[in-house]
Amino acid sequence: MHHEKSRAAFDLARSLIPGGVNSPARAFGAVGGHPIFVDRADGAYLYDIDGNRYIDYIGSWGPMILGHGHPRVVEAVKAAVERGTSFGAPTEAESHLAQLLVDALPSVEKVRLVNSGTEATMSAIRLARGFTGRDVVVKFAGNYHGHVDSLLVAAGSSAATLAVPNSPGVTAGTAKDTLVLPYNDVAAMEDAFADYGSRIAAVIAEPVVGNMGCVAPSPSFLHALRDLTSRHGAVLIFDEVMTGFRVAYGGAQTVFGIRPDLTTLGKIIGGGLPVGAYGGRAEIMDHVLPAGKVFQAGTLSGNPLATAAGIATLEVLRDTNPYPRLEEVSARLADGLRRAADSAGAVCCLTRLGSMMTLFFAAGEVTDWASASRCDTARFASYFWGMIDRGVYMPCSQFEALFVSTAHTDEDIDRTIAAAGEVFSEDPHITAK
Ligand SMILES: *Cc1c(COP(=O)(O)O)cnc(C)c1O
């Protein structure tokens with residue numbers, strides 16, 4: 001497969017844009033080599049500027065659950081653009097999208113639209129602090145909530161100590177108000193609440209993790225989260241930017257039957273345009289300005305194009321209920337990848353929840369950041385490039401989930417499994433002991 005044009009485009013981009021990309025995951029840094037520059041996409045396929053076609057399992061890192069260029073979404077955006085691209089004044093479409101979110105998510109009574117997942121989590125944290133009058137926020141190692149200063153932190157030297165910055169530019173002062181705990185560890189959470197309970201404003205968690213690869217919660221972990229936050233008067237925030245409308249129409253909170261106080265959303269609810277949202281109990285949401293005093297604003301929030309794409313996407317999902325079919329197709333892919341790895345004797349484990357999954361190059365189960373970080377990322381990189389060479393575009397990092405869309409056919413899945421079979425049997429590096 002030729003990538004000359006992508007190489008040249010990357011060289012130019014690097015002279016103009018830091019690292020050549022507008023979001024770091026796109027640079028292929030974790031697997032080495034040059035990123036592929038996209039020309040266009042259609043259904044389940046991506047086409048690069050060298051004319052290669054790939055089966056796409058990134059789907060813009062989550063939003064494209066209907067595949068690329070779904071006709072209902074394209075029509076909705078075209079109709080919206082004719083009526084004006086931004087007004088900075090309220091529209092009925094914003095209530096329409098808000099209604100869809102409130103109807104879908106059992107815990108959400110009121111919702112505010114923003115422009116990205118990062119904005120949603122940043123605003124939810126501020127709201128939780130404003131509502132409780134407390135400062136400390138708890139997050140879990142390996143969970144990602146966007147590039148919010150107070151959440152770009154790593155655990156200190158022992159569990160349940162206050163966090164340290166994990167990016168230059170995040171101040172120690174900001175980091176000290178965040179606690180980082182291991183995921184799926186009920187005892188660590190009980191200890192943290194015993195030590196800091198009256199100071200904890202919020203606990204934010206991915207209810208199914210997508211951002212250290214796909215990691216499922218233990219049911220007792222999610223119940224402990226709900227229980228401890230309720231007992232100590234802290235706000236429970238489910239970050240469903242990835243899982244909302246992905247693992248089920250009503251998100252992970254419907255799958256596990258847990259009601260968070262606040263939910264953050266993004267990705268699918270914008271149908272490929274920039275949208276985020278945060279919502280929850282009306283009693284908390286009414287603290288947001290101008291109903292309440294917690295400041296949050298946005299020139300382009302509720303943008304008519306983005307809102308139209310979001311409404312169209314959610315209505316297709318609501319009216320066609322593709323989730324049983326997504327489950328079936330995703331199970332077929334997961335089984336095939338697992339078989340390909342097993343029959344070559346590769347040391348792998350696969351985690352899947354609905355249409356999100358990760359093949360981990362690790363011996364045991366992956367349940368938290370400690371186990372995820374034991375993966376063999378060099379073998380993952382060989383697997384990634386082997387799949388690219390065979391026209392399959394998967395996440396370029398071991399610590400990302402892949403996504404199946406409604407546009408993937410059984411034939412796409414079978415071609416993917418066949419490609420994986422070739423990669424595992426032909427690349428000695430992947431299976432070497
Ligand atoms: C992608 C993601 C975010 C950040 O959303 P952006 O739109 O990239 O700012 C936050 N939380 C989770 C769980 C995500 O997957």
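In each ligand, atom 1 is the first atom listed, and ligand 1 is the first ligand listed.
Open room surrounds CZ on Arg83; 12 or fewer heavy atoms of other groups in view lie less than 6.0 Å from it.
An N or O contact shorter than 3.5 Å links Gly117 to ligand 1 by distance. Ligand 1 has no N or O atom lying under 3.5 Å from any N or O atom of His145, backbone or side chain. Considering backbone and side-chain atoms alike, Lys267 places an N or O below 3.5 Å from some N or O of ligand 1.
Using a 4.0 Å cut-off between heavy atoms, Glu119 makes no contact with ligand 1 at all. Under 4.0 Å from ligand 1, not a single heavy atom of Thr243 appears.
With a 4.5 Å cut-off on side-chain heavy atoms, Leu350 and Phe360 do not count as touching.
Within ligand 1, counting atoms from 1 as listed, the ones closer than 4.0 Å to a heavy atom of Ser116 are 7 (O), 9 (O). Ligand-side atoms of ligand 1 in range of Met242: 15 (O), range being under 4.0 angstrom from any heavy atom. Near Glu206, with a cut-off below 4.0 Å to any heavy atom, the atoms of ligand 1 are 13 (C). Each of the following atoms of ligand 1 lies closer than 4.0 Å to a heavy atom of Gly146: 3 (C), 4 (C), 10 (C).
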key: Derivation and outcome, side-chain hydrogen bond (donor to acceptor under 3.5 Å, both in side chains), residues Asn52 and Tyr47   = CA-CA 6 Å; Asn52 302 304; Tyr47 298 83; over 6 Å; no
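Atom 3 (C) of ligand 1 has as its closest protein heavy atom Val241 CG1, 3.7 Å.
Here Tyr393 and Phe384 keep their ring centres 6.0 angstrom or further from each other. Ring centroid separation for the pair Trp385 and Phe380 does not come in under the 6.0 Å cut-off.
Contact analysis leaves His147 out of contact with ligand 1, as no non-hydrogen atom separation drops below 4.0 angstrom.
Around atom 9 (O) of ligand 1, the closest heavy atom drawn from Thr118, Val114, Asp239 belongs to Thr118.
With respect to the salt-bridge test (charged N to carboxylate O, under 4.0 angstrom), the residues Glu327 and Arg332 do not qualify.
Looking at Ser6, its side chain never comes within 3.5 Å of a backbone N or O of His3 through a donor-acceptor pair.
A cation-pi arrangement is found for Arg53 relative to Tyr45, the charged atom lying closer than 6.0 Å to the ring centre and inside a 45° cone about the ring normal.
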